[in-house]
Number of protein chains: 2
Amino acid sequence: MGYKIKSRIWIESENNVLLGEGRVHLLKAINDTGSLSKAAKSLNISYKKAWQLLDSVNKSAKKPVTINSIGGKGGGGAELTEYGKSLIKAFDEINKNCWAFLDEQLSKIEQL
Amino acid sequence: MGYKIKSRIWIESENNVLLGEGRVHLLKAINDTGSLSKAAKSLNISYKKAWQLLDSVNKSAKKPVTINSIGGKGGGGAELTEYGKSLIKAFDEINKNCWAFLDEQLSKIEQL
DNA sequence: AATCGTTATATTTGGTAGGGTATAACGAAA
DNA sequence: TTTCGTTATACCCTACCAAATATAACGATT
């Protein structure tokens, strides 16, 4: 008893990562803040890292996940597309299902 | 189309890792070779890393996973206990089941 | 007691992923 | 045309982790 089973899942498209937990966190933060730089701050990661993550997400997705605007009112910003929002939702669902599935499987170890 | 879902699972006991894919590979190699140093060579990892992995496995397991002998015929060696063998088997099973489960879940992303 | 190939461990060396910093480009609004 | 806070990108630099190296300890066999 006392064992825990943990997991990391991610989705790839031809050797680029589309979505993982970090990327999903970032997308949620973008949705909350309306900008990539604010999202980076709220997650305590550098803007550079956040930008690299978001860039790779948008490059490997079939449709745009965010719309980024440079300049203009407030300097610009980033917001999720409907596709982006649905991706987050689907990923979270899969992740939760996976946890539940694995928790049940763990008994195979504990009963040894 | 074209998306792949990948996963890493591991089992912890009070914040130490008991088993993960790397550790399972190592245990299998120990089983095949009869020694930790040979196992490390066959996996192209340093002996040190292999030793650290094995040490942490044995420290976090309830019962010994390997029996290591120093000195003696052939200098010593390491071999899996029955408990160790059953751990490997259970982990592999869980992992395979997880892959199958996730592959089926992936449709949630692909149909978006 | 000498040999051997291990396990076990400390110390040093090196490669690289990531952070820090700087700056260009941008466009709406005043 | 100036200001502003963004997005976007290049460059250096360092902190960390992993690898390499060295060496002690060990015990069956001869």
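In what follows, every heavy atom counts, from backbone to side chain, and hydrogens, waters and symmetry copies are set aside. First the proteins, then the strands, lettered A, B, ... as listed; each starts at 1.
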Between [atom2] on [N] and [atom1] on [X], what's the gap in Å once rounded to a whole number?
X: A:D55; N: D:dT7; atom1: CG; atom2: C1'; value: 11 Å
X: A:I67; N: D:dA8; atom1: CD1; atom2: P; value: 12 Å
X: A:L53; N: C:dG18; atom1: CG; atom2: P; value: 9 Å
X: B:E79; N: C:dT7; atom1: CD; atom2: P; value: 12 Å
X: B:K49; N: C:dA10; atom1: NZ; atom2: C1'; value: 19 Å
X: A:Y47; N: C:dA22; atom1: OH; atom2: P; value: 17 Å

Donor + acceptor pair across side chains of B:Q52, B:K49 (<3.5 Å): no

Under 3.5 Å side-chain donor-acceptor pair for A:N58 and A:T66: yes

Residue whose nearest DNA chain D nucleotide is more 5′ - B:N44 or B:G74: B:N44

Residue met sooner reading DNA chain D from 5', once A:G71 and A:W51 are mapped to nucleotides: A:G71

Toward the 5' end of DNA chain C, by each residue's nearest nucleotide, A:I45 or A:I70: A:I45

Distance test, side-chain N/O of B:N68 to OP1/OP2 of C:dT6, below 4.0 Å: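 Checking B:N68 against C:dT6: no side-chain N or O falls below 4.0 Å of OP1 or OP2.
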
Option from A:Q111, A:E110, A:Q105, A:E104 for which side chain to side chain donor-acceptor pair (under 3.5 Å) with A:K108 holds: A:Q105

Nearest-0.5 Å distance that lies between atom CH2 in A:W99 and atom CD1 in B:I9: 15.0 Å

Base of D:dT6 paired with side chain of A:K73 (donor-acceptor, under 3.5 Å): no

Any donor-acceptor N/O pair under 3.5 Å between C:dG20 base and A:K48 side chain: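 Result: at least one qualifying N/O pair found.
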
From CA spacing to verdict: side chain to side chain contact (heavy atoms under 4.5 Å, CB included), B:F91, B:N95: CA-CA 6 Å; B:F91 185 89; B:N95 214 7; 4.0 Å; yes

Interface residues of residues 18-43 of chain B with DNA chain D (non-hydrogen, below 4.0 angstrom): none

Inter- and intrachain pairs under side chain to side chain donor-acceptor pair (under 3.5 Å), touching residues 25-40 of chain B, at least two apart: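 Side chain to side chain donor-acceptor pair (under 3.5 Å) check on residues 25-40 of chain B returns B:K28-B:D92, B:S35-B:S37.
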
B:S7 (side chain) donor-acceptor with A:R8 (main chain) under 3.5 angstrom: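 No.
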
